[in-house]
Protein chains: 2
Amino acid sequence: MNVQFKKGALELCVLSKLLRKDCYGYELTDALSQRMVIATGTLYLILKRLRDDAYVETYLVESAEGPARKYYHLTEKGRKYQMKLKEEWMDFVQTVQEIIDESTSTR
Amino acid sequence: MNVQFKKGALELCVLSKLLRKDCYGYELTDALSQRMVIATGTLYLILKRLRDDAYVETYLVESAEGPARKYYHLTEKGRKYQMKLKEEWMDFVQTVQEIIDESTSTR
DNA sequence: TTGTTCTATATTTTATCACTAACTATTATA
DNA sequence: TATAATAGTTAGTGATAAAATATAGAACAA
């Protein structure tokens, strides 16, 4: 799996997951791992950044299956950020697609 | 413009441009700059990597408007690499799109 | 009961690598 | 001489990878 492609896009994936419901770190890693390859510690760094920037808030919930789970909850600021990132991503993807298409179809 | 999104995708854009026709560095920078924001030196680094990996070959052509232009030509290896990268990119983009869609539509 | 091991979970540290910013250098032309 | 067209380099930044460490609970053996 191409490492570089994930730069920035992983953040959008995390934000999008949290848009739907609060999740804890391990749960997010697990869920995203089913769709793409990600290293174990990666999401924690992303989540830390998101929290430092007040895009998410956290709370602990005791678990019967291991250490307490740290849940991440999207703030209003985080929700807006997700929308902005999503738009930027989709714009960018479209631009790249156009460049790809031009080089093949029109030849 | 989100810097991170470009990681890896710029390479695909350059390869795609070269798929259509040989280009010189300044020309590529100029063309891509009309669609997205890129720093002046960026493409030269990408082109150097591509050449080091034998994805492109170069030749000089004298110009009446400045210093000689260094043209980049995609090799067979480069053409295959473009196809592979393109597929990886499109797969990845689709995965991200699914994750985004799930969090919004199904809520 | 005690100790061991496994799983779930969180966190940290070091390294890598692509892009940015900001340069230098060269040729032709006005 | 200044400007535009062109090539190239260097230091820095920031996101992800890889590989640890840490802890709580469950299962199991001695």
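Letters go in sequence order (proteins before strands), and every chain restarts at 1.
- B:L12 and B:L19 end up in the same hydrophobic cluster when Ile, Leu, Val, Met, Phe, Trp and Tyr side chains are linked at under 4.5 Å.
- For the side chain to side chain contact (heavy atoms under 4.5 Å, CB included) with B:V96, the lone residue among B:I100, B:I99, B:V93 that qualifies is B:I100.
- Atoms CD (B:E11) and C1' (C:dC19) sit 12 Å apart, rounded to a whole Å.
- Among the atoms of the strands shown, none is found under 4.0 Å from any heavy atom of B:V61.
- In the hydrophobic clustering of this structure, B:L32 groups with A:F5; members are Ile, Leu, Val, Met, Phe, Trp, Tyr whose side-chain heavy atoms approach within less than 4.5 Å, directly or through other members.
- Note: B:Y71 and B:Y59 have parallel aromatic rings, judged against thresholds of 30 and 60 degrees for the angle between ring planes.
- Applying a 4.0 Å cut-off to non-hydrogen atoms, none of the residues of residues 79-86 of chain B approaches DNA chain C.
- Regarding B:L50, its CG atom lies at a distance of 12 Å from the C1' atom of C:dA18, rounded to whole Å.
- Rounding to whole angstrom units, CG of residue B:L43 and C1' of D:dA7 are separated by 12 Å.
- Nearer to the 5' terminus of DNA chain D, by closest-nucleotide assignment, is the contact made by A:L10 (compared with the other of A:A64 and A:L10).
- In this entry the distance linking NZ of B:K6 with C1' of D:dT13 reads 14 Å, nearest Å.
- Judged purely by atom type and a 3.5 angstrom limit, B:S63 has no side-chain atom pairing as donor or acceptor with the backbone of B:R69.
- The CG-C1' distance, from B:L28 to D:dG8, rounds to 15 Å in whole Å.
- When rounded to the nearest whole Å, the span between CD1 of A:I38 and P of D:dA17 equals 8 Å.
- In this pair, B:Y81 and B:Y55 present their aromatic rings parallel. The plane angle is below 30°, not in the 30 to 60° band.
- Between A:F5 atom CZ and D:dA15 atom P the separation is 19 Å, expressed in whole Å.
- A donor-acceptor pair under 3.5 Å is absent between the side-chain atoms of A:S16 and the main chain of B:S103, judged by distance alone.
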### Query
Between A:E87 and A:K84, is a salt bridge (charged side-chain N to carboxylate O under 4.0 Å, His left out) present by the stated rule, with each step listed?
CA-CA 5 Å; A:E87 279 174 24; A:K84 177 161 155 278; over 6 Å; no
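- Here salt bridge (Lys or Arg N to Asp or Glu O under 4.0 Å) pairs that include residues 2-14 of chain A, with residues two or more places apart or in two chains, number zero.
- Between A:N2 atom CG and C:dC19 atom P there is a gap of 10 Å when expressed in whole angstrom units.
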### Query
Which letters describe nucleotides 3-17 of chain C, given B = protein heavy atom under 4.0 Å from base, S = only from sugar-phosphate, - = neither?
-----BBBBB----S
